[in-house]
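For reference, the structure discussed in these notes is given below.
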Amino acid sequence: MSASTSPDEAILPGRADLAALGTSRGIRGLCMEATLAVAAFATLCVVVLSVAPQIAEPDDGAYHHSIVAITLGNYLTLSNAQVSALEAKLGDGGIGQVPNQWVELANGRYISEKDPGYPFLAAPFQALGIIRWAPLFYGALACLGLFIGARRWLGRFGGFTAVGLYCSSGAALAFAWRDYMPTFTDASLIAAGTGTLLWAVLATETSSRRRTWAGLAGFAAIEIATFVRYTNIVILGSAVVAVIVVWRLRAAGLPVRTLCWWLASVAIFGAGVAIFDDLVYGGPLTTGYQPGEVTFGLGAVGPNLRIVPPHLMQAMPMLVFALIALAWILVRWLVLHRADGQAGAVARRDLWVSLAVAASWFAIWGLYSAYTWTVDPTNVAVQIVRFYVPAIGAISLLGAWLVTRIPGRAWLAGLTSTAVIAALFGLGVWAFHAMYAAFSVPLGG
């Protein structure tokens, strides 16, 4: 012992020892949280795979034909002979007939009226005979993106909570079960992209190169989701606006070079889709839907506000957590926005992050609140909810903020998150079966 060292100091751990102890505890905490998140996703898989697959709507059949056509080497449009070969492959007994929800183009060839992205994503799984795993694979990407984004924003148990809220909703269970529907896949790609972008923006201590690549991956995921369903362009636009605002405010030290790479990715994607539509459908802004088939109008907003909310509450009850979180974050910012120190900084960060995340949620829900098809009061939840599912990643992130704000020890936050997610899984499984029962599609084992 040196002369300058007291007896008490001699028995205390040094700074290096404390750092090692903190790192060890951090790694153990990360592993435990990751294990819980994997368990939440595994629960979703078990619930979904325990129910026998069915073709629930004509939409499933239209996508089924497109997916199988790609496995036969017909990547875009089909001739009469190729349509006949496709029908023979599927054994539908309608040889030579155009599949339901397919259209004839001006050049006499045929294609599904549905947006073209999902068949390309699902075809490899169809070719391997594991089509049931297609939506679940993209669901795993959603969980990964939400985990890293929420943990970066919310700290310990934030990642697990966001993943658990995402996987436990009746909407996720209901559409992850649909092998030939893109609903859960495009929602999962958006969730994956949102979480990854959130990490890239908040990881200020990370090299600009890593942030650039992570952000490119996040934008790519949202872009692919937009190719799966064109209306997701409002979410992609929200992401573009959010990163530009972050750069202008200099709140996260976002390099202009990184921003330019991200925006260039979006520009290239937009040009690519315009060229694709022009080559396939005959115009850069043309789709497979006939003019007037899909319409939006302000007159539909009122009826939709009366009809849709109960269905959304049944399918995704965690939206209540998200709405409370938004209100709480705003009030907290009003109280602390002039405060110095960590409390004020955290309040300001939470406000900007929550507004950016909520923007994508409100953009897609605002668009579909004007959708004229959903004003029919005879529609049931499973028909209506699918248009709103792309927002469940954003809702889960905001809901996780509320669930993890329980004051007290870390273990209490983990216990609270686990209890909430377990309860929501119970509600989710009930909603999964109830929504399809109301649609006269009973779910068997």
Side-chain angles (χ1 to χ4, degrees), residues 22 25-41 43-44 139-169 172 188 190-206 214 218 252 316 318-326 328-329 332-333 342-343 345-358 360-361 391-425:
R25 287 178 176 173
I27 292 174
R28 288 200 299 270
L30 175 61
C31 291
M32 179 180 69
E33 188 176 346
T35 301
L36 289 171
V38 170
F41 175 67
T43 303
L44 177 143
L141 296 182
C143 293
L144 177 61
L146 289 172
F147 185 88
I148 64 174
R151 203 169 199 275
R152 167 64 62 168
W153 177 30
L154 304 174
R156 193 172 183 186
F157 292 109
F160 157 59
T161 306
V163 170
L165 293 178
Y166 184 83
C167 293
S168 63
S169 69
S188 294
I190 290 168
T194 301
T196 305
L197 265 178
L198 181 58
W199 182 93
V201 170
L202 295 181
T204 55
E205 80 290 351
T206 306
M316 45 189 89
M318 76 281 196
L319 72 87
V320 175
F321 296 163
L323 291 172
I324 294 173
L326 277 174
W328 191 339
I329 289 170
R332 187 162 163 262
W333 174 79
Q342 185 178 7
V346 170
R348 289 187 289 272
R349 183 200 63 183
D350 285 351
L351 176 72
W352 289 114
V353 170
S354 64
L355 289 179
V357 171
S360 65
W361 170 15
I392 61 174
I395 294 171
S396 299
L397 284 169
L398 290 167
W401 185 93
L402 181 69
V403 176
T404 56
R405 296 303 94 177
I406 302 298
R409 296 181 179 272
W411 65 265
L412 180 60
L415 183 62
T416 301
S417 296
T418 303
V420 168
I421 291 165
L424 288 178
F425 259 116

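At a threshold of 4.5 Å between non-hydrogen side-chain atoms, the residues V346 and R332 count as touching. You'll find the side chain of F160 reaches within 4.5 Å of the side chain of I421, heavy atoms only. Looking only at side-chain heavy atoms (C-beta outward), V403 and F157 stay at 4.5 Å or farther from each other. Contact annotation: the side chain of F321 approaches that of L424 to within less than 4.5 Å [non-hydrogen atoms, C-beta and beyond].
Judged by distance alone, with hydrogens and angles left aside, the side-chain atoms of Y166 form no donor-acceptor pair with the main-chain N or O of F41 at under 3.5 Å. Proximity of a side-chain donor or acceptor of E33 to a complementary backbone N or O of G159 within less than 3.5 Å is detected.
Of the residues L402, L398, V357, the one that meets the side chain to side chain contact (heavy atoms under 4.5 Å, CB included) test with L326 is L398.
Taken to the nearest 0.5 Å, the CH2 atom of W153 stands 8.0 Å off from the OG1 atom of T404.
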message: One pair to check against side-chain contact (heavy atoms from CB on, under 4.5 Å): L198 and R152. What are the steps and the verdict?
response: CA-CA 8 Å; L198 181 58; R152 167 64 62 168; 5.9 Å; no

message: As a quick check of understanding, evaluate side-chain contact (heavy atoms from CB on, under 4.5 Å) for W401 and L154, giving each step before the final call.
response: CA-CA 7 Å; W401 185 93; L154 304 174; 3.4 Å; yes

task: Run the numbers on I392 and M318 for side-chain contact (heavy atoms from CB on, under 4.5 Å), then give the verdict.
output: CA-CA 9 Å; I392 61 174; M318 76 281 196; 4.1 Å; yes

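Looking at every heavy atom in both residues, S168 comes nearest to L165 through OG-O, 3.4 Å.
Remark: R348 pairs with no residue by the salt bridge (Lys or Arg N to Asp or Glu O under 4.0 Å) rule, at least two apart or across chains.
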